[in-house]
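Residue numbers begin at 1 in each chain, while the letters A, B, ... track the order of the sequences.
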Amino acid sequence: MAVQLDTLISLCKRRGFIFQSSEIYGGMAACYDYGPLGVELKRNVRNAWWRAMVQERADVEGIECSILMHPDVWRTSGHVENFTDPLVDCKSCRGRFRADHVANYRARYRVSENGGTREEELGPEIPSKVFRDAQKIDFLGSPTHCPTCGNAELTAPRLFNLLFKTNVGPIEDASSVVFMRPETAQGMFVNFENVRGTMRRKLPFGIAQIGRSFRNEITTKAFIFRTLEFEQMEMEFFCKPGTDEEWYRHWVAERFNWYLRYGIRRENLRLRQHDKDELAHYSRMCHDVEYNFPMGWGELEGIAHRGDYDLSAHMKATGKDLQYFDPETNTKYTPYVIEPAAGVDRTVMTFLIDAYAEETVLDRPRTVLRLHPALAPIKVAVLPLLKKRGEIVEICQRLVTAFKQHWPAVYDDTAAIGKLYRRQDEVGTPYCVTVDVDSLEDGKATVRERDTMEQERIELDRLEEYLTERIVLAPPKVEERVEV
RNA sequence: GCGCGUGUAGCACAAUGGUUAGUGCUUCGGCCUUCCAAGCCGAAGAUACGGGUUCGAUUCCCGUCACGCGCUCCA
């Protein structure tokens, strides 16, 4: 039985993982802040991805691009053109229509630009230039009758576009409109030649990036599953046409197995291949990695075969040559691209849900996050069994100072030992080190493991080595690997 | 974006058109205890925001915001 979302949200807030954004002002819809523990968990997720996708591989380079890019990038990619149609909703039958599909509709727009205002009859289709240049488009005309139910219950037309716009420069002049990137991928495409050239790369190779993206979604959903501002982990893998299907299968398997490696239960994961009519315009094939969330199956990551769509589009738009010269065959071609694209926030949420467990220990409830040690926000807690004994506290302080050189570590003496253990269980701390009176005699401390609650006496000067073996070198939680 | 529902302390809940809004957990201080949420004493802490009805609103009404569920949408 999976944890209820409410329960998880409550724990996230109570223990400093995730807060509602701008909470004291009443909240900001679909925006969330990561608290002290959440920020550690999230960074660990990023690092785990980067480790698997860049550090451990010989064929992928990293990059970090600016969120603001030349506006033409998004025209070339198709993001500006799509979803710029004005849409109307029928309040009666709840249908939604493109305004220009509703009969007898002629719209007028008030366009503010260059400090002045002019009114134009532009018709239902808004040219992208107007959309780009206009600070504000007012709909002065409006359709009235719903084509489905015939009732005069249509809302005023509204522009529907997922791109966030903002202005460069302090004056809101029309010429300064730019977009907040809706995906990180375009940064890799426009830097393809920079990375290939400076890193002296031959095909195949990939460019990976982790960063924020922004989508002005109509509908938000389920906690941090869909937010307006979110973080992506994307990699564009450039390869020779003809080898693309093999690489596609490689990356689908590789990405699915990554989730197993960090402990997501096999039965809560599935691969789903997109039907042909479901594919995006640039996409030839696509598999989603899906997780069985409390609210149903949801997409964690998409592995898409983008063909040569993006590089070709950028070549056409800029006139630059982004083809690859293959020295072995002495030919030029446009690389094909395989793109695994994952959401950091969704992945964080998934790890939290999958790790959450409630048990009964000695007739007492225990809540525990069974996070992989590499992901746990706090790696080790140092606890004194007797806080009144100065020698014991002294040893604890010495240990925690030493541990902090390697990992996030905490010291806590504000409750009885049982409660201290439960506190750490609830935030997923994999190991607790407890110093007691015997420690003063035998030079050992008790190491208590989170999942089994088993204890082991370890020499004080062996603790760092002991914990390193279990935290840094922690094996995959799920050994099973999937072939595609 | 539509419909339905919800909003009381950090968390989970209770109560009420009228005295000081109650309980558990949590947190903090103290005593005691010392290897799995023990006990005792004490403390801090709330009616989402705005308006209306009323002598009086946390309670009734309206709006806003946020969250949940369903639909819709979705690169």
Whole-Å gap separating [atom2] ([N]) and [atom1] ([X]):
X	N	atom1	atom2	result
A:Gln20	B:rC65	CD	C1'	10 Å
A:Arg364	B:rA37	CZ	P	6 Å
A:Leu163	B:rC74	CG	P	16 Å
A:His274	B:rC74	NE2	P	14 Å

Item to check | Student check: side-chain heavy atoms of A:Thr434 and A:Pro384 closer than 4.5 Å | outcome: no
Would you classify [X] as touching base, sugar-phosphate or nothing, given that sugar-phosphate means primed atoms plus P, OP1 and OP2, and contacts are heavy atoms under 4.0 Å?
X	answer
A:Arg448	base
A:Asp425	nothing
A:Phe223	sugar-phosphate

[X] bridged to [Y] by N-O distance under 4.0 Å:
X	Y	value
A:Glu301	A:Arg346	no
A:Arg448	A:Asp425	yes
A:Arg457	A:Glu441	no

Checklist entry - When rounded to the nearest Å, what value does the distance between P atoms of B:rC61 and B:rG5 take? => result 12 Å
Less than 4.0 angstrom between a side-chain N/O of [X] and OP1 or OP2 of [N], yes or no?
X	N	answer
A:Lys387	B:rU33	no
A:Lys13	B:rC11	yes
A:Gln455	B:rC36	no
A:Lys419	B:rC35	no
A:Arg226	B:rC73	no

Next on the checklist: Can you work out whether A:Glu426 or A:Ser10 has the more 5'-proximal nearest nucleotide on RNA chain B?
Outcome noted: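 Counting from the 5' end, the first nearest nucleotide belongs to A:Ser10.
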Next on the checklist: For B:rC49, does the base pair up with any side-chain atom of A:Tyr25 as donor and acceptor (N or O, under 3.5 Å, distance only)?
Outcome noted: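 By the distance-only test, no, there is no pair.
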